[in-house]
Asks: 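Sending over a structure as structure tokens; questions will come in a sec.
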Amino acid sequence: MSKPTRLAVKDSEPKHLPIYQHKNKLVQAVRKSPFLIVTGETGSGKTTQLPQYLHEAGFCKNGKIGITQPRRVAAITVAQRVAQEMKCTLGREVGYQVRFDDCTSQETAVKYMTDGCLLREVLADPSLSQYSVVILDEVHERSLNTDILLGLLKNVFSDPAEAAKRRSFPLKVVVMSATLESDKLSAFFNNCPVFEIPGRVFPVTCTFGSAVGPKDVERNFYVKEVVKVALDVHISEKAGDILVFLTGQSEIEHACDLLFEKAENIDYRYDVQDRTVEGLLILPLYGSMPTDQQRQIFQPPPPGIRKCVVATNIAATSLTINGIKYIVDSGFVKQLNHNSRVGMDVLEVVPISKSEAQQRAGRAGRTSAGKCFRIYTKEFWEKCMPEYTIPEIQRTSLTAVILTLKCLGVHDVIRFPYLDCPEERFILEALKQLYQFDAIDRRGKVTKLGELMVEFPLHPGLTRALLKSASLGCQDLLLPVAAMLSVENIFIRPGHPDKQKEAAKKHRALAEKTGSINDFATLLCVFNSCKSSDRPSAWCKENWIHWRALKSAFSVETQLREILLRLQQRRDFPTESFDGNKSELLRRCLCSGYFTNVARRSVGKVFCTMDGHGSMVHVHPSSSLFEQEAELNWVIFHDVLVTSKTYIRTVCPIRYEWVKDLLPKLHEVDVYELSSVARQEVTEDEMVKWESKEAAKRQQEASAEDVMKKLEKRNTEDSVSDARARYLQRKQQREQRKAL
DNA sequence: GAGCACTGC
């Protein structure tokens with residue numbers, strides 16, 4: 001159990017919060033309807049007060065009140081505050097649960113948790129029998145897990161007769177959101193009532209710029225522009241701190257440098273050492289920054305000095321900085337979008353949505369009236385910025401989500417009640433991948449392997465490799481690798497060129513220590529070397545490794561090990577024997593999870609993927625396989641990065657024979673035929689027909705050699721099949737469309 | 001010969 005931390009004194013007594021005068025009506029509304037939408041801006045007190053009102057009104061007699069949050073910090077801090085208000089010890093009546101930290105007990109009646117935690121609970125107990133009320137908070141953020149929970153709750157509990165069969169007492173569902181989209185949510189839950197709580201925010205006046213129009217998406221332009229605007233604010237506006245929203249680490253560092261330069265030119269004294277211009281303290285803020293450096297952001301500036309924080313979107317929701325009165329909004333964000341046509345994720349700079357822009361502006365009105373300076377034009381706002389941010393469920397890989405749904409008994413994953421439907425081809429692609437991993441069978445039913453796979457909080461491919469290793473008894477090789485691959489990048493790449501060289505040298509030494517040329521083995525080596533070191537944090541510093549990331553890899557490894565041990569106690573856990581070369585074990589296991597990510601050397605340094613897209617890819621310079629020619633003709637890789645070229649990262653050489661039997665499977669299933677499998681509407685007749693067609697197709701592509709030849713042929717015919725070219729082309733088209 | 005926004009189980 002975690003220790004509760006001391007909280008700062010709050011300026012608002014619960015009774016003065018806007019929600020207080022609605023207390024009785026709110027409790028009644030929950031009593032009356034199985035579903036209720038509650039809307040209210042930040043500061044209305046709904047997150048902390050509603051659960052207390054329901055607790056007081058006796059809703060905990062039969063079960064717990066569960067409240068979900070999209071972020072860990074929010075779940076923990078809100079629980080701390082409520083425990084304090086209810087004058088109880090955190091972990092007793094009021095508790096929280098997040099990954100790696102369960103602070104609840106038998107007595108816990110009000111439980112705050114992340115949405116991912118509740119989803120895991122649904123998997124174990126689909127009728128949520130422990131709960132009398134489930135409150136989904138921050139629904140407007142549309143996190144993947146919250147969206148899935150919305151559909152599940154609607155599915156299971158919107159039919160009262162069906163719900164009664166599953167539970168001994170009714171479940172109340174409350175959905176809390178910012179004011180936007182409340183009609184849509186109400187319609188989703190059978191036109192359930194909406195309860196509006198007025199917010200308590202200060203007005204923020206917004207102005208548009210004249211510089212960034214629809215055609216100015218190039219990178220340096222908006223960086224220069226935010227710097228100019230921020231300095232204008234500093235010179236001409238009254239006291240109050242500035243928050244600048246930018247896209248990423250490098251842009252932020254660049255903007256901070258420019259701020260010093262320009263500030264100097266406009267006759268300000270400044271000191272490079274502690275990064276202050278007279279009257280202006282400039283602070284960068286982004287997620288991968290060391291935590292002690294992040295903490296500096298929250299300290300009030302010395303008297304007479306204005307603070308200017310240059311941040312990523314992390315400052316929009318995750319962190320609140322006091323004293324911010326002015327916002328400078330670049331209008332852009334970096335977003336990871338899944339591209340099903342090339343089968344990969346692409347990180348790109350895109351315009352933010354109007355609702356996101358309002359969210360950013362709102363950060364200036366937390367304690368008093370504020371101002372928001374948008375660097376983009378009114379035209380850009382109208383023509384380029386969408387109303388709402390596309391929800392995560394419509395732009396990410398759905399493989400793991402679809403497996404979860406299938407395991408929950410949702411067979412028709414296409415007609416599942418999504419608040420916003422993902423594109424059908426995204427769903428079909430996920431089904432195809434699950435079929436290739438043997439997680440579902442040809443009829444779309446979850447296999448025994450799939451049931452084991454869903455237990456792991458990992459990407460299905462990685463889980464597949466892990467289970468293979470467990471069945472061969474060599475899980476100690478794969479557990480650390482899986483953990484390392486599911487945390488943020490552990491290799492530090494410093495900004496300074498000299499230090500960059502030093503870091504690269506250390507990293508190369510770690511790769512060479514493995515005695516092989518294999519990036520996965522390097523990860524294993526880093527994990528074990530650090531773990532067995534006397535002073536692990538010093539070891540990390542010396543080797544340019546992120547200690548924070550490695551620490552979380554240690555926790556993940558422990559968690560995965562526990563899950564695996566539990567599953568291995570099941571009688572039907574598969575076991576296999578291995579009579580090959582022991583030194584090949586790690587790579588052989590990896591093959592069973594990464595056979596969808598196989599590439600073959602095409603010409604010189606160029607590799608060609610074997611996944612049916614036949615993309616031309618390059619080994620990333622950070623890999624130990626970079627410019628290693630020789631006999632390394634077949635490789636598997638963990639991920640793809642599209643920048644100046646299409647790069648594969650975390651690469652490992654394999655033998656053709658290891659994937660030979662698996663490759664045809666990649667081409668066996670026509671995605672669109674899986675559509676009927678997805679709905680599980682296949683009749684016996686259709687099945688027989690399909691089977692025979694598939695058999696004929698398999699005969700045609702009798703061997704992997706044929707598949708290979710076919711792909712090679714396509715590659716030579718189609719010289720612009722380079723993923724980068726397609727990516728750029730699409731981007732151009734998109735921009736042209738936007739410009740129109 | 002190079003660049004990775006933010007969450008979450």
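Lettering follows sequence order; numbering is per chain, from 1.
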Asks: For B:dC6, does the base pair up with any side-chain atom of A:Asn313 as donor and acceptor (N or O, under 3.5 Å, distance only)?
Replies: no

Asks: It should be established whether A:Arg72 places a side-chain nitrogen or oxygen under 4.0 Å from OP1 or OP2 of nucleotide B:dC9.
Replies: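 Affirmative; the distance criterion is met.
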
Asks: B:dC6 phosphate, OP1 or OP2: any side-chain N/O from A:Thr312 under 4.0 angstrom?
Replies: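 Yes, within the criterion.
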
Asks: Distance check needed: B:dG3 P versus A:Glu488 CD, whole Å only.
Replies: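 Answer to the nearest Å: 19 Å.
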
Asks: May I have the distance from A:Arg71 (atom CZ) to B:dC9 (atom P), rounded to whole angstrom?
Replies: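 Rounded to the whole Å, the gap is 12 Å.
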
Asks: For the CD1 atom on A:Ile390, are there more than 12 heavy atoms of other groups (residues, nucleotides or ligands in this structure) within a distance under 6.0 Å?
Replies: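 For A:Ile390, atom CD1 is not crowded (no more than 12 foreign heavy atoms under 6.0 Å).
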
Asks: Is there a donor-acceptor pair under 3.5 Å between the side chain of A:Asn543 and the backbone N or O of A:Lys506?
Replies: no

Asks: Categorize A:Leu336 for me: base, sugar-phosphate, or nothing, with a 4.0 angstrom heavy-atom threshold over every strand shown.
Replies: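 The answer is base, as A:Leu336 lies within the cut-off (heavy atoms under 4.0 Å) of a base atom.
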
Asks: For B:dG3 and A:Lys334 - does any side-chain N or O of the residue sit under 4.0 Å from the phosphate oxygens OP1/OP2?
Replies: no

Asks: Would you mind reading off the distance between A:Ile314 atom CD1 and B:dC4 atom C1', rounded to a whole angstrom?
Replies: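 For the pair A:Ile314 CD1 and B:dC4 C1', the rounded distance is 14 Å.
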
Asks: When you measure from the side chain of A:Gln97 to the backbone of A:Thr104, do you find a donor-acceptor pair of N or O atoms at a distance under 3.5 Å?
Replies: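 Not confirmed, A:Gln97 side chain does not pair with A:Thr104 backbone.
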
Asks: Among the candidates B:dG1, B:dC4, B:dT7, find the nucleotide nearest to the side-chain atoms of A:Phe626.
Replies: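 Ranking B:dG1, B:dC4, B:dT7 by closest atom to the A:Phe626 side chain puts B:dG1 first.
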
Asks: State which residues pass side chain to side chain donor-acceptor pair (under 3.5 Å) with A:Thr558; sequence neighbours excluded, sorted by chain then number.
Replies: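 With neighbours one apart ignored, the set is empty.
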
Asks: Working to the nearest 0.5 angstrom, can you tell me the gap between A:Gln569 CD and A:Phe573 CZ?
Replies: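 These two atoms lie 11.0 Å from each other.
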
Asks: Using whole Å, report how far CD of A:Glu121 lies from P of B:dG8.
Replies: 17 Å

Asks: Considering only heavy atoms and no angle criterion, is a donor-acceptor pair shorter than 3.5 Å present between the side chain of A:Arg99 and the base of B:dG8?
Replies: no

Asks: Does A:Thr114 have a side-chain nitrogen or oxygen under 4.0 Å from the phosphate oxygens OP1 or OP2 of B:dC9?
Replies: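 For A:Thr114, the contact criterion (side-chain N or O under 4.0 Å from OP1 or OP2 of B:dC9) is met.
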
Asks: If you check every side-chain atom of A:Ser622, which of B:dA2, B:dC9, B:dG3 has the closest atom?
Replies: B:dA2

Asks: I need the NZ-P distance between A:Lys501 and B:dG1, as an integer number of Å.
Replies: 15 Å

Asks: Checking all strands, does A:Gln249 fall into the base, sugar-phosphate, or nothing category for heavy-atom contacts under 4.0 angstrom?
Replies: sugar-phosphate

Asks: Report yes if a donor N or O on one partner sits less than 3.5 Å from an acceptor N or O on the other, where the partners are the side chain of A:Gln500 and the base of B:dG3; otherwise report no.
Replies: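 Indeed there is one.
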
Asks: Give A:Phe456 one of three labels, base, sugar-phosphate or nothing, depending on what nucleic acid heavy atoms sit under 4.0 Å from its own.
Replies: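 No contact.
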
Asks: Take the protein atom CD of A:Glu562 and the nucleotide atom C1' of B:dC9, then report the distance between them rounded to whole Å.
Replies: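 Rounded to whole Å, this separation is 14 Å.
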
Asks: Please work out if A:Arg142 contacts a base, only the sugar-phosphate, or nothing of the nucleic acid, heavy-atom cut-off 4.0 Å.
Replies: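 Contact class for A:Arg142: none.
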
Asks: What's the CZ-P distance between A:Arg493 and B:dA2, to the nearest Å?
Replies: 9 Å

Asks: Quickly work out the A:Tyr286 OH to B:dT7 P distance and round it to whole Å.
Replies: 14 Å

Asks: So A:Phe416 and A:Tyr418, would you call those rings parallel, tilted or perpendicular, with 30° and 60° as cut-offs?
Replies: perpendicular

